[in-house]
Structures are given as structure tokens and as C-alpha cells.
Amino acid sequence: MGLQAIFFYLFAFVAVASAFMVISAKNPVHSVLFLILVFFNSAGLFLLTGAEFLAMILLVVYIGAVAVLFLFVVMMLEIDFAEFRSGVLQYAPIGILVGIIVAAELIVVIGGSVITPEATKAITMPIPNPAVRSNTAALGDVLYTNYVYFFEIAGLVLLVAMIGAIVLTLRHRQDVKRQNIASQVARTPKTAVEVVKVKPGQGI
């Protein structure tokens, strides 16, 4: 057993154990912390397989943004998690069914590659040699050449989703003064300046 195999089993064991703790921990903050640990070990597994781009995405996007956002939301919102957990058992059969389907798909994919190794040669765009082209550069070649339009469409969909979320959650409070740029631009000298004639000896 080489050093790479030792690290693989170490990262895999910690990742599986942390994933189990995510769904079994009673404290939601602890669940998010275990989720961050799962991402760290998954990034280590990606590094072992030579997919350094996916490893960096896990560290930067999922840990640096998503998991930290979950942590802040859980800590700031007063949510009764005991009420949420009360009806978990009724969804257990659906969860078990989904788990069985995912496991069957993994068995079919892995078993198919073992039974028929020539199926991997039928890939349209095979993986280049890491010594010649790095994983990140190879992904860039694919995304920005063959799938550039799909990549741009995905970016537009995410932009629309972000704008929609902001519009749906935006609430204007009546007791807060806000700047109305349209009314300021539409001002004229007649509406902006008011000339008041004050009689001698009287105030305004």
C-alpha cells in the first residue's frame, strides 16, 4: 500500500463519517461544521485523482461561500429545529428509495466500466495526458470552445435567478427615507426653487 492509497482511505473514511454526522448531529451548527469537513476531505480526494480545479472549487465556492452562508443563516435565524425533526421519519421511505436508486446507478456505471473497458474509449472528448495539459487548462478548453454557448446560458440563468430572488425578497419600509433618483432627475427650476416674499418685520 503506497502513500497515495493511505491518504485516499484516510480522506474517504473521514468524509463518510462526517457525512453521517451531518444528518445525525442534533445541533444544526455542528451539522454545518461537519459539512465543511466533508468538503475539505472531498477536495483532498479530488487532488489525489488529479482534478485540482474541482478541489479548488470545493474550497473556494462551497466552503468559502455556501457553507459559511449556511452557518451564518443557522446562527442568526431563530428556527425551531425540533419541530422540523419531528416529521423526518415519514420521509424515510422516500429517502431510502432515492438512496437505492443512486446506489444502483453507481453500480451500473462502475460495473459497466469493469465489464467492458472499451466503453471508456468511446468518450467524445477523452481526458488529455496530465503531463502535457493540466486538468484546469483542459476544462477551460472544453468550456470556452465546444460548450461556450451553454456556459453563457448557464451564467444568464444564474443571473436571472439572483435578480429574481432579490426582487421577491425586497420589502420597502414606509418609515425609512430612501433616495428617489427618478424624481430628482425630473426636477425643474420651478419645482426646485420656491420664491417667498416676506413682508418687512415678519418672519417666514
Side-chain angles (χ1 to χ4, degrees), residues 1-25 28-74 94-159 161-162:
M1 181 181 295
L3 187 62
Q4 185 175 1
I6 294 175
F7 277 106
F8 171 79
Y9 286 112
L10 176 63
F11 288 141
F13 175 78
V14 177
V16 173
S18 302
F20 178 77
M21 292 302 298
V22 170
I23 60 175
S24 61
V29 177
H30 295 168
S31 297
V32 177
L33 294 176
F34 280 116
L35 181 62
I36 294 174
L37 186 58
V38 172
F39 288 149
F40 267 114
N41 288 275
S42 300
L45 291 174
F46 280 128
L47 281 177
L48 289 177
T49 57
E52 67 277 359
F53 178 77
L54 295 178
M56 293 301 106
I57 288 295
L58 274 177
L59 293 178
V60 175
V61 177
Y62 285 91
I63 297 177
V66 178
V68 175
L69 178 62
F70 286 167
L71 183 60
F72 275 101
V73 170
V74 169
I94 299 176
I96 294 173
L97 178 62
V98 172
I100 293 174
I101 293 174
V102 173
E105 292 177 350
L106 291 175
I107 292 173
V108 170
V109 172
I110 297 174
S113 62
V114 172
I115 296 174
T116 57
E118 62 275 5
T120 57
K121 299 179 181 178
I123 300 176
T124 306
M125 300 188 66
I127 301 173
N129 187 3
V132 179
R133 195 70 169 164
S134 63
N135 179 260
T136 306
L139 284 174
D141 294 338
V142 174
L143 284 178
Y144 298 114
T145 54
N146 299 77
Y147 301 100
V148 61
Y149 296 112
F150 299 101
F151 186 76
E152 293 178 354
I153 291 172
L156 289 176
V157 170
L158 293 176
L159 178 61
M162 181 180 65

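Every value quoted in this text rests on a predicted model; they were computed, and no experiment measured them.
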The residue among Leu45, Ile6, Val16 that forms side-chain contact (heavy atoms from CB on, under 4.5 Å) with Phe11 is Leu45
Side chain to side chain donor-acceptor pair (under 3.5 Å) pairs touching residues 49-58, sequence neighbours excluded, are Glu52-Thr136
In this structure, CG of Asn41 is separated from CZ of Phe46 (nearest 0.5 Å) by 12.0 Å
Correct closest heavy-atom pair for Leu47 and Ala55 would be CG-CB, 3.7 Å
Show every donor-acceptor pair shorter than 3.5 Å between a side-chain atom in residues 57-67 and any protein atom, with sequence neighbours excluded, or say none if there are none.
none

Between Val22 and Ser31 the two heavy atoms that sit nearest each other are O-OG, 3.1 Å
Problem set entry | Over 12 non-hydrogen atoms of neighbours within 6.0 angstrom of CZ in Phe39 | yes
Heavy-atom closest pair (Ser18 atom, Leu37 atom, distance to 0.1 Å) is OG-CD2, 3.1 Å
Taken to the nearest 0.5 Å, the spacing of Phe53 CZ from Leu143 CG works out to 7.0 Å
To the nearest 0.5 Å, atom CG of Leu54 lies from atom OG of Ser42 at 11.0 Å
